[in-house]
Amino acid sequence: MCHPYTDLKKCVTIATSRAVSLLGLEADPDKIMNLLQEPPRPDFGDIALPLPRLSRQLVEKCGEVARLIESLESECVERVQCVSSYLNVWVKSSYIVKKLVEALSKFGSTYGITRRERPLRVVVEFVSANPVHPLHIGSGRNAVLGDFIARAHELSGDHVERRYYVNDLGLQVAYLVYGYTKIGRPKHPPEMKDDHFLGLLYAATSIISDIVKLKKKAASLVENEALEARKEIDSLMSDLLRIRRKAPELVDKLMEFTESSEDLEQEVRSIAQALERGEPSIADAHREVVDRVISGIRETLTKLGISFDKWDYESELVRSGLVSEVVRRAQSSDFFIYYKNAPALDLGRLARDPEVRRALAIPENLEVPPLILARSDGTTLYTTRDIAYAIKKFAESGADMVYNVIAIEQTLPQAQLRLALYALGYVREAKSLVHYAYEIVNVKGLSMSGRRARYVTVDEVLDLLVAKTRELAESRGVSLSEELLLKIARSALKYVMLSVSPKKTLVFDPEQAVEVKSGTATYLQYTLARANGILSKYGKELDYTKVSKEGLVGKRKELALLIARFPEVFRKVVVELTPEDLVSYLNRLAEVFNSWYDTDPVIAEPDEELRNLKLVLVYGTKVVVENSFKLLGIDVVERI
RNA sequence: GGGCCCGUGGCCCAGCCAGGAUAGGGUGCCGGCCUUCUAAGCCGGUGGUCCCGGGUUCAAAUCCCGGCGGGCCCGCCA
């Protein structure tokens, strides 16, 4: 792939270095190249070099350097000015045109995309939300980011497998199975999606269990503590009542059938054990309820346009014997210990080795406690099963690299996972397992909790966005198909998820997120539709041989430089997996394009060469936006 | 108690790692622009003690130290 902007920076660097050495001074060309930056304002030129960061002598001779560069008559430099210790360089229109035409005529629709010479096999495990409730907005962020990572590798030519880990064992599912069987495997009401309905059942069961537990405990408490417990019970009751308003029969039935339960929590625990053993008596109900939630989740993911290659069930993993194999292997490991009377790995000891820490990217200052592998009742813990799963992912897919897209709050268990793999002899796997961490999503005015059914679901946000989009279209007398509405809606949601750094907590305001205005995916889709509109109206092949060399002025030049920068931006985003950088670049590009579009007609341009130049800019914008959309997973809409 | 992350106009975010121009966008609010390629657009205006206090430096939103405020982790939960 050629990089027009890199070429430009090289060219400016050569001219500058030459001038500097003619003055008898020195400056490292690499450093110059690195420092070249986009000026904050158009009257500071097209590209700028901050001299103070090179040397003080250069600052003193700033004006001289500027004049000297100009006199060298480089093919790229038109004018150089020295303003407050900066060299501000105006670039020759002919140079940018030449570079852009070269790149676009050669690469066309693949402009900016680089394929790896030796493709990797990559596994991206993402979403993996527990099959006990619908996808909420936090899982939505996971889904969008995971899809982005998969796309980044696919666009680099890698072979990518997207896997969803269905966590159908453990206490959470046991609660759901308990409630589900107690009230006779209920059907969902017609107006509610199955996963939403079962999410309520799960939460109601879990809440009732907590209330029972707290009530018992409260009986033996005094004064303040009793009061605290009372308050907690009240809060649980209000959650339960909220659920009851949505599904009255469900809650009433559940209350009735759980009243007789002596020790609800113990019953749930024994269900968890039975599930892990694969007890036939509840296997049917278990599979049924998990499938019902998962099909609801799949429906949501389909709406988002996100698909998976493999659905891995935790119960199958356990049945395959891999989990017990992990425990056996651990027992013969040097790091095996008993911790709190339970079998464990002393990963803290391993983590003290600085070399291991570095190789496994264990965060500095992270204290690693021993990892308990199994409860005293013999059932394994989540991370133990995750060790087995990691091994499976590498082995089955022949993966060079595995991504676990998991919330940042799981930094410790993910570090333990890598250390455990290492301790068990899976050194390559441990080094090639990447925890792609993202911060949680907070919803304005709601403390989220799956166990309390307090969440904003992806489904409801999409519904809201579709409704809002439809309303807006209708108010303009445009009728859009349902498919188009969904594409606009889900793109708007993805944009929100991708425009904020994954490392930052996302505050989700449902009211604001459903806006479809400037600074959103819709704005970008609209920009692309405009560019496509011009090209289809023109209707002919672009003639690259007759393009005006001198026509890049004002906004045109600004736009050309932005298009020229695309391959670098794209490369950085793909390598560093920072979607937010691409989004802010696209916003700039769209802004410049729209501003230019408004004042400078393309089709109506009488001069053929100038018209062709403008068409190059339109086509460049189109390709850049389309390729960015491929990476971000935003839909192209032909009309908006 | 220990550790990690965050704090930038009313609201949301970029810039911080590799210190340098008058701190950028978006949104909000006020005003203007459709006989010309899509007005989900464009143009103009409004709005900031870069959390606070020290330090380093010719130069600090950026680096260092100490606070304050918010979030998260330190489970035989996931």
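Here is the naming used below: chain letters follow the sequence lines, and residue numbers restart at 1 for every chain.
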Counter-base of B:rU35, judged by Watson-Crick or G-U geometry with both distances under 3.5 Å:
none

Check the chi torsion on B:rC13 and let me know: syn if it falls within 90° of 0, anti if not.
anti

Counting any heavy atom closer than 4.0 Å, what does A:P50 reach on the DNA or RNA strands: base, sugar-phosphate only, or nothing?
nothing

Between C1' on B:rA78 and OH on A:Y175, what's the gap in Å once rounded to a whole number?
13 Å

Looking only at the side chain of A:V83 (C-beta and beyond, no hydrogens), which of the listed nucleotides B:rA21, B:rC72, B:rC42 gets closest?
B:rA21

Between OH of A:Y495 and P of B:rA14 the distance, given in whole Å, is 12 Å

In Watson-Crick or G-U wobble terms, both distances under 3.5 Å, what is the partner of B:rG9?
none

When rounded to whole Å, the CG to C1' distance for the pair A:L412 and B:rG3 reads 11 Å

Mind checking if A:A604 touches a base, just sugar-phosphate, or nothing, with heavy atoms under 4.0 Å?
nothing

The side chain of A:V500 lies closest to which of these nucleotides: B:rC13, B:rU38, B:rC76?
B:rC13

Please give the distance between the C1' atoms of B:rA23 and B:rA59 as a whole number of Å.
15 Å

Please figure out whether A:F44 or A:P601 has its closest RNA chain B nucleotide nearer the 5' end.
A:F44

Whole angstrom is fine here: how far is it from CG in A:L524 over to C1' in B:rU38?
16 Å

What integer number of Å spans the P atoms of B:rC50 and B:rC63?
16 Å

Is the phosphate of B:rC42 approached by A:R530 (side-chain N or O, under 4.0 Å from OP1 or OP2)?
no

If I pick the C1' atom on B:rG47 and the same atom on B:rC29, what distance separates them, to the nearest angstrom?
9 Å

Taking the nucleotide of RNA chain B with the nearest heavy atom to each, does A:D600 or A:S584 sit closer to the 5' end?
A:S584

Gap between atoms OH and P, on A:Y597 and B:rU38 respectively (whole Å)
4 Å

Per atom distances to the A:I640 side chain, the nearest of B:rC13, B:rU38, B:rG25 is B:rU38

Any salt bridge linking A:R269 with A:D377? Criterion: basic side-chain nitrogen under 4.0 Å from a carboxylate oxygen.
no

Within the 4.0 Å heavy-atom criterion, would you say A:K537 contacts the bases, only the backbone, or no part of the nucleic acid?
sugar-phosphate

Is the aromatic ring centre of A:Y86 closer than 5.5 Å to the centre of the six-membered base ring of B:rG20, with the two planes inclined by less than 30°?
no

Rounding to an integer number of angstrom, what distance separates B:rC42 and B:rC52 when you compare their P atoms?
34 Å

Classify A:Q416 by what it touches in the nucleic acid, base, sugar-phosphate, or nothing, heavy-atom distance under 4.0 Å.
nothing

Would you kindly say whether A:N404 and A:K393 are connected by a side-chain donor-acceptor distance under 3.5 Å?
yes

At under 4.0 Å between heavy atoms, what does A:A48 touch on the DNA or RNA strands: base, sugar-phosphate, or nothing?
base

Pairing partner (Watson-Crick or G-U wobble, both distances under 3.5 angstrom) of B:rG19
none

Using a 4.0 Å heavy-atom cut-off, does A:I603 contact any base of the nucleic acid, only the sugar-phosphate backbone, or nothing at all?
base

Which of the following nucleotides, B:rC13, B:rC42, B:rA21, is nearest to the side chain of A:K504?
B:rC13

Would you mind telling me which of B:rC43, B:rA14, B:rA78 lies closest to the side-chain atoms of A:K555?
B:rC43

Nearest-Å distance for atom pair NZ/C1', residues A:K503 and B:rG15
18 Å

So A:R611, base contact, sugar-phosphate only, or nothing? Heavy-atom distance under 4.0 Å.
nothing

Using a 6.0 Å distance limit plus a 45 degree cone around the ring axis, check whether A:R385 lies over the aromatic ring of A:Y165.
no

Looking at A:K614 and A:D600, is there a salt bridge between them, counting it only when a charged N and a carboxylate O are closer than 4.0 Å?
yes

Do the charged groups of A:K504 and A:E580 touch, with an N to O distance under 4.0 Å?
no

Remember a base hit wins even if backbone is also touched, and classify A:S376 as base, sugar-phosphate or nothing at under 4.0 Å, heavy atoms.
base

Less than 4.5 Å apart, side chain to side chain, heavy atoms only: is that true for A:L366 and A:R357?
yes

B:rG25 P sits how many Å from A:E38 CD, rounded?
11 Å

Nucleotide nearest A:Y523 (side chain, heavy atoms from C-beta), chosen from B:rG41, B:rA78, B:rA14:
B:rG41

Given B:rC6, B:rC42, B:rA78, identify the nucleotide with an atom nearest to the side chain of A:N594.
B:rC42

Please state the C1' separation for the pair B:rG53 and B:rC68 - nearest whole angstrom.
10 Å

Using atom P in both nucleotides, what's the gap between B:rU38 and B:rU49 to the nearest angstrom?
44 Å

Selection from B:rU38, B:rC4, B:rG25 that lies nearest to any side-chain heavy atom of A:N365
B:rC4

Given B:rC43, B:rC73, B:rA78, the nucleotide with the shortest approach to the side chain of A:N167:
B:rA78

Using a heavy-atom cut-off of under 4.0 Å over every strand shown, decide if A:P363 touches base, sugar-phosphate, or nothing.
nothing

Please determine, for the side chain of A:E591, which listed nucleotide (B:rC77, B:rG26, B:rC37) has the closest atom?
B:rG26

Answer with base, sugar-phosphate or nothing: what part of the nucleic acid does A:L371 contact at a heavy-atom distance below 4.0 Å?
nothing

Integer-rounded Å distance: B:rC72 P and A:E409 CD
9 Å

Students often get this wrong, so: under 4.0 angstrom with heavy atoms, is A:T379 touching a base, only sugar-phosphate, or nothing?
nothing

Under a 3.5 Å cut-off for both distances, is B:rC76 Watson-Crick or wobble paired, and to whom?
none

Stacking between A:Y526 and B:rG41, defined as ring centres under 5.5 angstrom apart with planes under 30°, is that present or not?
no

Whether the A:N130 and A:Q172 side chains hold a donor-acceptor pair (N or O, under 3.5 Å, no angle test) is what I'd like checked.
yes

Taking the C1' atom in each of B:rU62 and B:rC16, what is the distance between them to the nearest angstrom?
4 Å

Hey, are A:D312 and A:Y164 close enough side-chain-wise for a donor-acceptor pair under 3.5 Å?
no

Hey, does A:N88 reach any base, or is it just sugar-phosphate, or nothing, if we go heavy atoms under 4.0 Å?
base

Quick one: is A:R451 getting a side-chain N or O under 4.0 Å of the B:rA78 phosphate, OP1 or OP2?
no

Determine the contact category for A:R588: base if any of its heavy atoms lies under 4.0 Å from a base atom, sugar-phosphate if only primed atoms, P, OP1 or OP2 are that close, otherwise nothing.
nothing

Could you measure between the two C1' atoms, the one in B:rU36 and the one in B:rA18, and give it in whole Å?
49 Å

For A:Y436, ring pair (Phe, Tyr, Trp, His ring centres under 6.0 Å) partners two or more places apart:
none

Any donor-acceptor pair under 3.5 Å linking the side-chain atoms of A:E474 with those of A:S479?
no

